Protein chains: 2
Amino acid sequence: MDDDTLIFTFFNEIGIVSQLSQAFLNRHLPDGLHSSHFATLNHLYRVGNGTTPLAIANAMQVTKATMTHTLAVLEKRELVEIRANPSDGRSKTVFLTPAGRAFRLAAIGDVTAAMATVASLFDRAALEASLPTLQRVRKILDAERAHRSGGD
Amino acid sequence: MDDDTLIFTFFNEIGIVSQLSQAFLNRHLPDGLHSSHFATLNHLYRVGNGTTPLAIANAMQVTKATMTHTLAVLEKRELVEIRANPSDGRSKTVFLTPAGRAFRLAAIGDVTAAMATVASLFDRAALEASLPTLQRVRKILDAERAHRSGGD
DNA sequence: ACCAAATAGTACGACATCGAACCAAAGTCA
DNA sequence: TGACTTTGGTTCGATGTCGTACTATTTGGT
């Protein structure tokens, strides 16, 4: 298998696994929550409150337009609160509400429970071993994207 | 990191890499072709002609409704031809047209060229090493999905 | 042979995502 | 200070994907 084919195969597999895992999440998340909403809640929880929409969009690797939409959904459900950014009039800051925190916990519970049956089938060591590779690939693609859209 | 967290992290990383690679493809595929169309053309080329839409949908891990749409797009561009299935009145068969073949080659050329700059940054051995893991994960999720929707 | 259940594909409505165009606030530089 | 550029977010239109409901054909049991 030459390099190009390997790379195609690799990304093809990545794409399919991603689709399957997202489908899994979408099926098991409570109340019609979409995996992207879930990911955003988790990000807010991990990174902490007061982040700007753009920062979240970059972290999630979606466009800012998409993040506007995602945050609007979360805000309508009162899972996050969006305030003006005191240090920049163009910007906003995003906060997880208590309801958002609770919802995240509940969602994690549901997903974890649903995952219990399959989780045991995964080879923990193998997953752990491929993580650095994935992260490196992510960084490379990310840099390429930034470079493309930024300069050039 | 406990098992659940590892799995979450793993799928999160997979999702992001998938998004980035799809975005990369979408940016570099000619004539507004979407990565899913590209993947379908590649599948038809690899697996051979005369496959049914459902078989393609399963291989691509999308719903049959989605495949109906994808094939309609490809057919409108005359990259595939869809005929009745002689052995099953409900079914169809899909064929790559000469134009479809040519388009696929051109697309591969474009993408490969665009990828040349980043391809050298990938650690070939690492990608190769994580492929089996990805394939195993795919199989597990796939089986779970089939089980869920089929029985239960 | 007939009727029920399963199956392949389509139609429809909902929604996530994207790119491009746009607006408003900062920043920059003369 | 004032104009040009950059930057954070939103709006808009287009499109890919999904789930559900539906149609037509096939399969299977009696």
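Chain letters run A, B, ... following the sequence lines, proteins first, then strands; residues in each count from 1. Note that the structure is predicted; figures quoted are calculated from it, not measured.
Within residues 43-53 of chain A, the residues having any heavy atom under 4.0 Å from DNA chain D are, by residue number, Thr52(A), Pro53(A).
Taking atom CD1 on Ile82(B) and atom C1' on dA8(C), their separation rounds to 13 Å, with Å as the unit. The CG atom of Leu54(B) sits 16 Å away from the P atom of dA6(C) (whole-angstrom rounding). Atom NE2 in His28(B) sits about 15 Å away from atom C1' in dC18(C), given to the nearest Å. Distance Lys92(A) NZ to dC23(C) C1': 12 Å, rounded to the nearest Å. Distance, Met60(A) CE to dG9(D) P: 15 Å, rounded to whole Å. Ile56(A) places its CD1 atom 13 Å from the C1' atom of dG9(D), with the value rounded to the nearest Å. For Leu25(B) and dG19(C), the CG to P distance is 13 Å, given to the nearest whole Å.
Every side-chain hydrogen bond (donor to acceptor under 3.5 Å, both in side chains) that Arg90(B) has, sequence neighbours left out, goes to Asp88(B). Looking at residues two or more places apart in sequence or on another chain, you find a side-chain hydrogen bond (donor to acceptor under 3.5 Å, both in side chains) between Asp3(A) and Arg124(B). For Arg46(A), there are no salt bridge (Lys or Arg N to Asp or Glu O under 4.0 Å) partners at least two apart in sequence or on another chain. Residues forming a side-chain contact (heavy atoms from CB on, under 4.5 Å) with Thr51(A) (at least two apart in sequence, or on another chain): Leu44(A), Val47(A), Ala55(A), Ile56(A). For Thr63(B), the side-chain hydrogen bond (donor to acceptor under 3.5 Å, both in side chains) criterion is met by Thr66(B), not counting sequence neighbours. Every residue was checked against the side-chain hydrogen bond (donor to acceptor under 3.5 Å, both in side chains) condition with Asn58(B), not counting sequence neighbours, and none meets it.
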Dump the pairs, protein N or O against N or O of nucleotides 21-29 of chain D, anything under 3.5 Å, distances to one decimal.
| residue | atom | partner | partner atom | Å |
| --- | --- | --- | --- | --- |
| dT26(D) | OP1 | Gly89(B) | N | 2.9 |

Tabulated below should be each protein N or O lying under 3.5 Å from an N or O of nucleotides 13-20 of chain D; please produce it.
| residue | atom | partner | partner atom | Å |
| --- | --- | --- | --- | --- |
| dG16(D) | OP2 | His69(B) | NE2 | 2.8 |
| dT17(D) | OP2 | Ser36(B) | OG | 3.2 |
| dC18(D) | OP2 | Thr63(B) | N | 3.0 |
| dC18(D) | OP2 | Thr63(B) | OG1 | 3.4 |
| dC18(D) | OP2 | Thr66(B) | OG1 | 2.7 |

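A ring-ring contact (aromatic ring centres under 6.0 Å, His included) check over residues 40-79 of chain A, counting only residues at least two apart or in different chains, returns nothing. The stretch residues 90-138 of chain A participates, sequence neighbours left out, in these ring-ring contact (aromatic ring centres under 6.0 Å, His included) pairs: Phe122(A)-Phe11(B). Sorted by first and then second residue, the pairs that involve residues 99-110 of chain B and meet side-chain hydrogen bond (donor to acceptor under 3.5 Å, both in side chains), not counting sequence neighbours, are Asn42(B)-Arg104(B).
Between Ser91(A) and dT7(D) there is no side-chain N or O to OP1 or OP2 distance below 4.0 Å.
Side-chain rings of Phe38(B) and His34(B) stay apart, their centers remaining 6.0 Å or farther from each other.
Checked by atom type and distance alone, the side chain of Asn49(B) pairs as donor or acceptor with a backbone atom of Leu96(B) at under 3.5 Å.
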